[in-house]
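Beneath this line is the structure, given in structure tokens, with notes to follow.
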Amino acid sequence: MTPLYAPDAFIKDKVEALAQQLGLELPHQEQWNFIQSAESLDLQAAPGSGKTSLIGLKLALLCQGWTSPTRGICVLSHTNTAKDEIAHRLATSPAGRRLLQYPHFIGTIQAFTNTFFALPALRARGIEVQIVDDRAYADEVLRLFERHPQFRKLNTARTAPLWSPRPATCVTPEI
């Protein structure tokens with residue numbers, strides 16, 4: 001089987017040169033272990049510790065030596081902020097921009113699930129999805145919610161002021 005990327009992608013000189021170019025420091029052995037690992041990893045650390053920067057560096061190194069036209073890299077994030085930061089970092093170089101298109105995927109877990117599981121499953125059942133839009137979904141749910149007679153009391157509670165001198169009650173209809 002042919003390698004997916006050049007075997008020298010993570011040699012120390014290349015890593016240090018690219019890290020310096022990106023303005024990153026790698027003072028901890030754990031960071032080097034992550035950069036040089038060929039395994040699929042779940043990177044966990046405290047907020048603001050540089051996880052996204054480290055992933056961006058590793059992806060930049062990978063994309064410089066990526067050789068496969070049909071196999072890709074999948075990067076899953078919990079937040080759009082992290083996904084956007086990684087995409088922004090990759091967009092600064094021609095090699096990095098290649099990782100922003102097929103066969104690679106960089107996005108949130110939700111986007112991955114929608115793209116590769118939910119939407120294909122719906123389409124396979126003949127259900128055509130026109131748009132996946134959180135705001136459009138919320139508006140439609142509220143429209144249905146407001147018209148349903150069983151939820152009139154709950155709807156009234158939803159539109160009541162946020163502060164009231166007496167405690168609010170929530171009524172759940174029997175379904």
Using the side-chain contact (heavy atoms from CB on, under 4.5 Å) rule, take Ile106 and Ile73 through it: C-alpha gap first, then chi angles, then the decisive distance, then the call. CA-CA 8 Å; Ile106 298 173; Ile73 299 169; over 6 Å; no
Validation row: Leu26, Leu54 side chains within 4.5 angstrom (heavy atoms): yes
Under 3.5 Å: donor-acceptor pair, side chain of Thr67, backbone of Leu4: yes
Pair Arg143, Asp139 - check side-chain contact (heavy atoms from CB on, under 4.5 Å), show working. CA-CA 6 Å; Arg143 187 183 67 74; Asp139 290 344; over 6 Å; no
Among residues two or more places apart or on two chains, list those pairs meeting salt bridge (charged side-chain N to carboxylate O under 4.0 Å, His left out) that have a residue in residues 50-59. none
Once salt bridge (charged side-chain N to carboxylate O under 4.0 Å, His left out) is applied, do any residues pair with Asp8, and if so which ones, sequence neighbours excluded? Lys14
For Arg97, salt bridge (charged side-chain N to carboxylate O under 4.0 Å, His left out) partners two or more places apart: none
Strictly distance-based, threshold 3.5 Å: is any side-chain N or O of Arg125 a donor or acceptor partner for the main-chain N or O of Ala121? yes
Would you compute the distance between atom CG of Leu99 and atom NE2 of His104 and round it to the nearest 0.5 angstrom? 4.5 Å
Working to the nearest 0.5 Å, report the span between CG of Asn33 and NE2 of His28. 12.5 Å
Please tell me whether Trp32 and Ile55 are part of a single hydrophobic cluster in this structure, the criterion being side-chain heavy atoms less than 4.5 Å apart. yes
Would you say Thr113's side chain and Ile109's backbone share a donor-acceptor pair under 3.5 angstrom? yes
Is it true that Phe34 and Leu22 fall in one hydrophobic cluster, defined by side-chain heavy atoms closer than 4.5 Å? yes
Could you tell me whether the side chain of Thr92 and the main chain of Arg89 form a donor-acceptor pair under 3.5 Å? yes
So, taking the atom named CG in Leu122 and the one named CG in Asn114, what distance separates them when rounded to the nearest 0.5 Å? 9.0 Å
Looking only at heavy atoms, the pair that brings Ala19 and Leu57 closest together is N-CD1, 3.9 Å
Rounding to 0.5 Å, atoms CZ (Arg147) and CG (Leu142) come to a distance of 13.0 Å
Heavy-atom closest pair, residues Ala60 and Cys63: O-SG, 3.1 Å
To the nearest 0.5 Å, atom CD of Gln31 lies from atom CD of Gln29 at 9.5 Å
Would you name the heavy atoms of Leu76 and Phe105 that are closest together and state the gap between them? CD2-CE2, 3.9 Å
Are Leu18 and Gln64 close enough, and set up right, to give a side-chain contact (heavy atoms from CB on, under 4.5 Å), and what steps lead you there? CA-CA 11 Å; Leu18 188 56; Gln64 287 178 351; 4.0 Å; yes
Near Gln20 CD, under 6.0 Å, is it more than 12 heavy atoms from other residues, nucleotides or ligands? no
Contact summary for Pro103 and Pro69, nearest pair of heavy atoms: CG-O, 3.8 Å
Report the distance from atom CD1 of Ile35 to atom CD of Glu30, rounding to the nearest 0.5 Å. 13.0 Å
So which heavy atom on Phe10 is nearest to which on Leu61, and how close? CE2-CB, 3.7 Å
Applying a strict under-4.5 Å side-chain criterion to I, L, V, M, F, W and Y, I'd like to know whether Phe112 and Leu100 cluster together. no
Residue Glu128 excluded, over 12 heavy atoms near CD under 6.0 Å: yes
With a sphere of 6.0 Å drawn around CD of Glu25, does it hold more than 12 non-hydrogen atoms of other residues, nucleotides or ligands? no
Checking Trp66 side chain against Arg71 main chain: does a donor-acceptor pair fall under 3.5 Å? yes
